[in-house]
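See below for the structure under consideration.
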There are 2 protein chains.
Amino acid sequence: MADGTTTPGQRADAQRNRERLLDAARQVVAEEGTQASLRDVARRAGVGLGTLYRHFPTRDDLLEALLRVRFDELASLADALLDDDDPAERSLAAWLGAFTVGASAARGLPASLMATLGDPDSALHASCLSMREAAGRLLRAAQDTGRIRPDVDGTDLFALVNALGWITDQAPSIAARREHLLTLVMDGLAGPGTGQAR
Amino acid sequence: MADGTTTPGQRADAQRNRERLLDAARQVVAEEGTQASLRDVARRAGVGLGTLYRHFPTRDDLLEALLRVRFDELASLADALLDDDDPAERSLAAWLGAFTVGASAARGLPASLMATLGDPDSALHASCLSMREAAGRLLRAAQDTGRIRPDVDGTDLFALVNALGWITDQAPSIAARREHLLTLVMDGLAGPGTGQAR
DNA sequence: ACCTGAACACCGTTCAAGT
DNA sequence: ACCTGAACACCGTTCAAGT
C-alpha cells in the first residue's frame, strides 16, 4: 500500500528533493496557475533544473502529484452522494458545486483537465477520467428520476462544468456570479422549461 | 470616413508592410490562434520584428485590425435581429449561434475577448464591449416577452457564450456537440423547467 | 544513483543604428 | 519617417560532467 507521500525505492537526498519540489510547486502553482514556470519551481525548491525533470519528466507528472488527492476526493464524493438519501438531482448539483470550487484552486486547471482527457499518455489522464466517470454515474442516477434530460452524457456534463470553471477564472466579476451561472446550467440540464421565465 | 483598409497618413513602403503584416497575421492566427508567435508573423511577412511593433505596438492592436470587422458585423447582426419579426428568444438564439461560430475562428479567441473586456486600454476593448452591449439589447427584448429569465444580464450572457466557445476549442468531440450544448444553455436561460425532462 | 548547470532553440519587447 | 536586427530577459528541454 503506497501512501503517495513517500517513495521508499531509493532514498537519501532524492526523497528530500522530491518533497522540496512538491512544496515549491504547490506555492508556484497556487500563484501562477498550472502553466507556471517550471524553472521557477526548481529555483524556489533550491534544486537544479535537471533534478525537477528527473523527478517529474513532464509538467503533468508534477501536476498529478499535486492534484491526484483532490481528484480522488471528488470521485469518492460522487460515489458517496450516489448512496445518500437526497434526490438525485440535488446530489448532482452538490457535486458540481464542489467541483467548480476545486477547479478554481489553480488558474488554468480546467484547461489542463480537458487537455489531459484527450491525451491517454498524460499522467493526469487516469484520475481525471475516473473523476468524469464518477460524475457520469451521478448524472445517470439523476436522469433515471426523469428530472434531468436524457440527451446529455458525462462528457457533456464535464465539458459544461469545466467551461464554467474556466469562465469563472477570466474575471472577478464573473467569479462572483459562479453560483448563479451554475444554477442556470443546472436548469438547462433539467430540460426545456414551461416557457414562462421565473 | 476612414474605411479601415488604408491609412493615407504617410505612405511608401510603410503601407505595403502594414498589409503584408496583416496578411501574415491572418494566416498565423488562423493556424496558431490568438497567442501565435509575433516573431512568426514578422518572419512570414518578410519584415523586421521592429516593424511589426511599430505598426502594432501591442498584440491586441494586431488582433483588433484583424477582427474588428467581424465584431462590427456581429454587433449589427444583433441590431438587425432586434428589428425583425421573429420571436425575441429565437433572435437571441440565432445571434448566439452566429457568435459561437465566429468565436471558434481562432483558438484562444474567447480568452482574448474576456481579457479585453477587463482592460479598458486594450485596442479590442471598445469593439468587444459594443458587441456585448448589442447582445444585451437582444437579451432584454427576449426578457420582455417573459420567456427568458429576468435574473441574467448581458455580462452573464456574454460569459456563458464565451465559455461555450472555449470548451468547444478544447476537444473535437465537444466541438461536434456545440449546437447541443448551446440549446442546453438556452434552456437554462429560459428558466427552471417543469421538472419533467423532455 | 543522483544532482548540476551549461547549452540549445525558442519567446516578447526594446532600442541603437542605419536609410 | 521608417526599417532592421542585435540585445536583454525570459521560457522548456536535454545532456555532458561531476559526486
Side-chain angles (χ1 to χ4, degrees), chain A residues 6-25 27-29 31-66 107-108 111-112 115-116 119 121-124, chain B residues 6-25 27-29 31-66 107-108 111-112 115-116 119 121-124:
Chain A
T6 57
T7 310
Q10 278 78 313
R11 298 181 59 272
D13 44 354
Q15 184 59 233
R16 207 192 38 173
N17 279 340
R18 197 185 133 87
E19 272 155 30
R20 284 188 179 183
L21 280 165
L22 284 174
D23 282 345
Q27 288 178 40
V28 178
V29 167
E31 291 167 15
E32 310 285 337
T34 59
Q35 294 310 309
S37 159
L38 296 179
R39 256 190 166 82
D40 230 43
V41 172
R43 215 143 38 202
R44 202 157 336 177
V47 142
L49 190 45
T51 304
L52 183 150
Y53 276 93
R54 162 169 270 266
H55 285 277
F56 306 103
T58 270
R59 168 173 248 114
D60 278 3
D61 286 301
L62 182 55
L63 291 176
E64 200 265 352
L66 288 184
R107 241 162 37 203
S112 296
T116 243
D119 175 16
D121 294 337
S122 161
L124 277 167
Chain B
T6 56
T7 310
Q10 277 79 312
R11 298 180 60 270
D13 44 353
Q15 184 60 234
R16 208 192 37 173
N17 279 340
R18 198 186 132 88
E19 272 154 30
R20 283 187 178 183
L21 281 165
L22 285 173
D23 283 344
Q27 288 177 40
V28 177
V29 166
E31 290 167 17
E32 310 285 337
T34 59
Q35 294 309 309
S37 159
L38 296 179
R39 256 190 165 81
D40 231 42
V41 172
R43 215 144 38 202
R44 204 161 329 180
V47 141
L49 191 47
T51 304
L52 184 151
Y53 275 93
R54 164 169 268 266
H55 285 277
F56 306 103
T58 270
R59 167 173 249 114
D60 278 3
D61 286 301
L62 182 55
L63 290 176
E64 199 265 352
L66 289 184
R107 242 163 36 207
S112 296
T116 243
D119 175 16
D121 293 336
S122 161
L124 277 167

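The figures here come from the full heavy-atom set of this structure, side chains too, leaving out hydrogens, waters and symmetry mates. Letters A, B, ... are given to chains in the order of the sequence lines, protein chains preceding strands, and every chain is numbered from 1.
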- Message: What residues from residues 54-66 of chain B pass a heavy-atom cutoff of under 4.0 Å to DNA chain D?
- Response: B/R54, B/H55
- Item | Validation row: A/L62, A/V29 side chains within 4.5 angstrom (heavy atoms) | no
- Task: Would you give the length of the straight line joining atom CD of B/E19 to atom CZ of B/R16, rounded to the nearest 0.5 angstrom?
- Result: 10.0 Å
- Item | Watson-Crick or G-U stems involving DNA chain C, each at least 3 pairs long, distances under 3.5 Å, ordered by first number | C:4-8 with D:12-16, C:12-16 with D:4-8
- Query: Got a sec, which residues hit side chain to side chain donor-acceptor pair (under 3.5 Å) with A/N17, two or more places apart in sequence or on another chain?
  - Reply: none
- Item | Donor-acceptor contact below 3.5 Å, side chain A/R107 vs main chain A/Q35 | no
- Looking only at heavy atoms, the pair that brings A/V28 and A/S37 closest together is CG1-O, 4.4 Å
Got a list of side-chain donor-acceptor pairs under 3.5 Å for residues 44-58 of chain B, not counting sequence neighbours?
residue	atom	partner	partner atom	Å
B/R44	NH1	B/Q27	OE1	3.1
B/R44	NH1	B/E31	OE2	3.3
B/R44	NH2	B/E31	OE1	3.2

- Query: Can you name the residues that form a salt bridge (Lys or Arg N to Asp or Glu O under 4.0 Å) with A/D61, not counting sequence neighbours?
  - Reply: none
- Message: If you define the side chain from C-beta out and look only at heavy atoms, does anything of A/E64 sit under 4.5 Å from A/S122?
- Response: no
- Please name all residues satisfying salt bridge (Lys or Arg N to Asp or Glu O under 4.0 Å) with A/D23, sequence neighbours left out, ordered by chain then number. A/R26
Filtered N/O pairs between nucleotides 8-11 of chain C and protein, under 3.5 Å:
residue	atom	partner	partner atom	Å
C/dC11	OP1	B/R43	NH2	3.4
C/dC11	O5'	B/S37	OG	3.3

Restricting both atoms to N or O, compile the protein contacts to nucleotides 15-19 of chain C shorter than 3.5 Å, with distance only.
none

- Check the distance between C/dC2's P and A/D13's CG and give it to me in whole angstrom. 8 Å
- Note on the structure: Heavy atoms of B/A65 and B/L22 approach each other most closely as CB-CD2, 3.7 Å
- Message: Please report the distance, rounded to the nearest Å, between CD in B/E19 and P in D/dC2.
- Response: 15 Å
- Answer yes or no: does a side-chain N or O of B/N17 lie under 4.0 Å from OP1 or OP2 of D/dC2? no
- Query: Got a sec, which residues hit side chain to side chain donor-acceptor pair (under 3.5 Å) with B/D40, two or more places apart in sequence or on another chain?
  - Reply: B/R43
- Task: Identify the two heavy atoms, one from A/S112 and one from A/L63, that lie closest to each other, and give their separation to 0.1 Å.
- Result: OG-CD1, 4.2 Å
